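Just so it is clear: chains get the letters A, B, ... in the order the sequence lines come, proteins before strands, and each one is counted from 1. As the structure is a computational prediction, the values presented were derived from the model and not from experiment.
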2 protein chains.
Amino acid sequence: MDSRDNVQRSRVTINDIAEATGFAASTVSRALSRPERVNAATRERIVAMARELSYVPNTHARALTSGRTETVAVLVSDVTNPFYFGLIRGTQHQLRAAGYTHLLIDTENSGELESHTLSKMRQSIDGAIMATSRLSRRLLAELAAELPLVAVNRMVRGVESVVLDSPSGVAQAAEHLISLGHREIVYLSGPQNSWANEARWRSLVTTAARHGLPVHRLGPFPAGRMSGSAAADALINTRATACIAFNDLLAIGMLTRLRERGIGVPEEISVVGCDDMFGADFCHPTLTTLAAPIEQAGRVAVSMLLARLNDGAPAARQSAVLPTHLIVRESTGPAPR
Amino acid sequence: MDSRDNVQRSRVTINDIAEATGFAASTVSRALSRPERVNAATRERIVAMARELSYVPNTHARALTSGRTETVAVLVSDVTNPFYFGLIRGTQHQLRAAGYTHLLIDTENSGELESHTLSKMRQSIDGAIMATSRLSRRLLAELAAELPLVAVNRMVRGVESVVLDSPSGVAQAAEHLISLGHREIVYLSGPQNSWANEARWRSLVTTAARHGLPVHRLGPFPAGRMSGSAAADALINTRATACIAFNDLLAIGMLTRLRERGIGVPEEISVVGCDDMFGADFCHPTLTTLAAPIEQAGRVAVSMLLARLNDGAPAARQSAVLPTHLIVRESTGPAPR
DNA sequence: ACAGGAATGGCAACCGTTTGCCGCCCTCGA
DNA sequence: TCGAGGGCGGCAAACGGTTGCCATTCCTGT
């Protein structure tokens, strides 16, 4: 296609095509959006003319009558959290492939903003993917009743979701630490309204209990690198020789702080993160962490949503669970002494 | 506001308000969007009723007639490049504050996709902010003639822009290296169609020339961490003791590779990155780099765009230049021997 | 040869807002 | 007292599609 055409101010409407081909506007509309409703020859002529005139359908006009916008919102609590990289990538690819527009919304960690934005957007989107929503279960379920919705890393009855099986990953991490001789593991807690946070903590409790070991929990800490200092300092006050942090951001922040304070990782303390996000493999020391197929999660979420949008069906399976696994790097080692 | 209302399926239109208040729909419309056109008392009643019914104006209907969408597209070449964090943040805040919708588009490093997407979106957006566009000057200028546009980190005649003064930062970096005794500095080149890449290289050439020192250029390398290995290996083949990389992603990739190959940084080679992006302060060794006020750049870009949209004026200043400065960390040190 | 029905295209209403234009009423100055 | 003009509100026509319904044509089976 000639790139000059791309730039051309799109002023050609369905009526222009109608006039040019001699068909009625309604026929043109059908030829373009419901191909089986018109004769093949007709459709061909219309499509050809549309191309020739480089017709671009008007999204708004279409949305106004049909209600469909071919747009899906993806809500993340913080765009600048590298954890979302994969999710954004995944949803983006899948949506683009399906011809949908990808509307990325940063809710800035506020449930308030989540539901508010969504209500404003209601008419502009066909559905939404909510990653790590801060909404209450009730509110989330209510929303899901109004709007096709898929939640990521959040499990709520009545809401389709794709979750990362970090509990089993946390179990792996705990086994890893225990086998290295650690006898006291601390969990550095993330935001208290985070579903994943609870799931991880519970899994750690269970695994440690199986070995008859104590676990403690510190926090909650906001899920940012900044909180790492506070988390590290709190950790130092305990006798623990190993910890699992809510996510890599927190873990990396801790690494920095521990280094500042001259505490050897992993010689004195072993640190495990979660998510294997951007940076986990080049921080110092490199971080042992739970890898999650987050990009795949994005793709799956989109697939579920689109299936729902097209079939109108309430979805076969209610939720997909994706496996996670431990990646051992430099930040974990044998317990001291 | 009651959060339940947020969720409510928005089916109340301007006509409902008209009926409820006894005014005509046109009056309601004016009361809501052109307040000075109606009597204060009238407006008040209408606004009150709108609130009571929790009316949400229909974006599409509005866009259809008025042509304005209150949406601005922000195009980045790769959402998962942390360099864009600040930009996304900055544009987002400023747009949100102005009541605009932020449409983030990942062009996946393809100029083709840039112009294509933009033409598809033409009717859905009021303007666009193009960060590090891959488009040719001509195409970019053509686009700018069609659509209010602000370019970030790209200077083209006839296109408003905000650029980061990395040339002066590169000069600082070069002086820094030279004062440390380095006599041969290599530039690791980024994508060849990147404006910033050229600007940085030219600045390095100039500065080195002032000191009568030779400079070389290696590459081009794609601006990703992956390319770091190739870049590092190429660097090792030269006699250079210091290098400046197109960006931090590349620099961090190099750091990893140099470490793998047992080459000490900064003992044997000093490395300078550009952008001070997420990760530069916790990689190993921490990276000396050029800090750019990229978030501010985003805010400024939005301000320029909005000014243009509101006044319709062709903008007072054509481009804003933001200062950069060198942040010295661990990856640079005295030249060996 | 004819009723029934599928395939195909046109008509016109409608989606929710904006906006040009017109008309009413009130006020003010002459 | 009357005309001019400003303030304010209503009418109706867009905007660019979609879609329910109807008319026509052409098959098909009997």
Side-chain angles (χ1 to χ4, degrees), chain A residues 9-47 49-50 53-71 99 101 119-126 312, chain B residues 8-47 49-50 53-71 99 120-126:
Chain A
R9 188 176 195 86
S10 136
R11 273 271 148 261
V12 22
T13 77
I14 214 174
N15 297 298
D16 299 328
I17 300 182
E19 199 168 341
T21 57
F23 290 106
S26 52
T27 304
V28 175
S29 170
R30 278 192 277 258
L32 263 23
S33 55
R34 215 191 288 318
E36 75 285 359
R37 258 307 313 269
V38 304
N39 184 293
T42 305
R43 179 191 336 140
E44 209 166 305
R45 278 183 53 200
I46 291 179
V47 168
M49 183 58 73
L53 270 46
S54 62
Y55 164 73
V56 177
N58 183 311
T59 328
H60 303 293
R62 191 200 293 267
L64 195 50
T65 38
S66 70
R68 290 172 299 102
T69 63
E70 314 271 83
T71 297
T101 298
S119 75
K120 276 249 148 70
M121 296 261 104
R122 182 60 189 87
Q123 11 143 294
S124 312
I125 59 181
D126 289 349
Chain B
Q8 194 166 109
R9 188 178 196 86
S10 136
R11 273 271 147 264
V12 21
T13 77
I14 215 175
N15 298 298
D16 299 329
I17 300 182
E19 199 168 340
T21 56
F23 290 105
S26 51
T27 304
V28 175
S29 169
R30 277 192 278 257
L32 263 22
S33 54
R34 214 191 292 313
E36 75 286 357
R37 259 306 312 269
V38 304
N39 183 292
T42 306
R43 178 188 340 137
E44 209 166 306
R45 278 183 54 200
I46 291 179
V47 168
M49 183 57 75
L53 269 44
S54 62
Y55 164 73
V56 177
N58 184 312
T59 328
H60 302 294
R62 192 200 293 267
L64 195 51
T65 40
S66 70
R68 288 172 302 101
T69 62
E70 316 271 83
T71 297
K120 276 251 149 66
M121 298 258 102
R122 182 59 189 87
Q123 11 143 297
S124 313
I125 58 181
D126 289 348

For this session: Rounded to the nearest angstrom, tell me the gap between atom NE2 in B/H60 and atom P in C/dT17.
Result: 11 Å
Problem set entry | Beyond-backbone contact of B/D16 with B/Y55, side-chain heavy atoms, under 4.5 angstrom | no
Exercise. Between D/dC8 and B/N39, is there an OP1 or OP2 to side-chain N/O distance shorter than 4.0 Å?
Worked result: yes
For this session: Determine: side-chain N/O of A/T42 to OP1/OP2 of C/dG9, distance under 4.0 Å, yes or no.
Result: yes
Problem set entry | Sidechain-backbone polar pair: A/S33 side chain, A/S29 backbone, donor-acceptor under 3.5 Å | yes
Exercise. Is there a donor-acceptor contact under 3.5 Å from the side chain of B/N15 to the main chain of B/A18?
Worked result: no
Exercise. If only side-chain N and O atoms of B/R34 are considered, is one of them under 4.0 Å from the OP1 or OP2 phosphate oxygen of C/dT19?
Worked result: yes
For this session: With heavy atoms under 4.0 Å as the rule, sort A/S29 into base, sugar-phosphate or nothing.
Result: base
Exercise. Given that A/V28 and B/A24 both sit by DNA chain D, which one's nearest nucleotide is further toward the 5' end?
Worked result: B/A24
For this session: May I ask you to test the A/R68-A/E70 pair for a side-chain heavy-atom distance under 4.5 Å?
Result: yes
Problem set entry | Whole-Å gap separating P (D/dG10) and CD1 (B/I17) | 14 Å
Seminar exercise, completed: When rounded to whole Å, the CZ to P distance for the pair A/R11 and D/dC15 reads 9 Å
Exercise. Reckon B/S26 has a side-chain N or O less than 4.0 Å from the OP1 or OP2 of D/dG10?
Worked result: no
Problem set entry | Nearest-Å distance for atom pair CD/C1', residues B/E44 and D/dG9 | 18 Å
For this session: May I ask you to say what A/A61 touches in the nucleic acid, namely base, sugar-phosphate or nothing, with a heavy-atom cut-off under 4.0 Å?
Result: base
Seminar exercise, completed: note: A/E19, atom CD; C/dG10, atom C1'; distance rounded to Å ~ 16 Å
Exercise. Between D/dT19 atom P and A/R62 atom CZ, what is the distance in whole Å?
Worked result: 9 Å
Problem set entry | Whole-Å gap separating C1' (D/dC8) and CZ (B/F23) | 10 Å
For this session: Please state whether the phosphate of D/dC8, meaning OP1 or OP2, lies under 4.0 angstrom from any side-chain nitrogen or oxygen of B/R43.
Result: no
Exercise. Is a side-chain donor-acceptor pair under 3.5 Å present for B/Q123 with A/T59?
Worked result: yes
Problem set entry | Interatomic distance where CG belongs to A/N15 and P belongs to C/dC11 [whole Å] | 12 Å
For this session: Check whether any side-chain N or O of A/S66 sits under 4.0 Å from OP1 or OP2 of D/dT18, and answer yes or no.
Result: no
For this session: Counting heavy atoms from C-beta on, name the nucleotide in C/dG10, D/dG17, C/dG16 closest to the side chain of A/T27.
Result: C/dG10
For this session: Could you say whether A/R68 or B/R30 is positioned toward the 5' end of DNA chain D, judged by the nucleotide with the nearest heavy atom to each?
Result: B/R30
Exercise. Does a distance-only test, which skips hydrogens and angles, find a donor-acceptor pair under 3.5 Å between the side chain of A/R37 and the base of C/dG9?
Worked result: yes
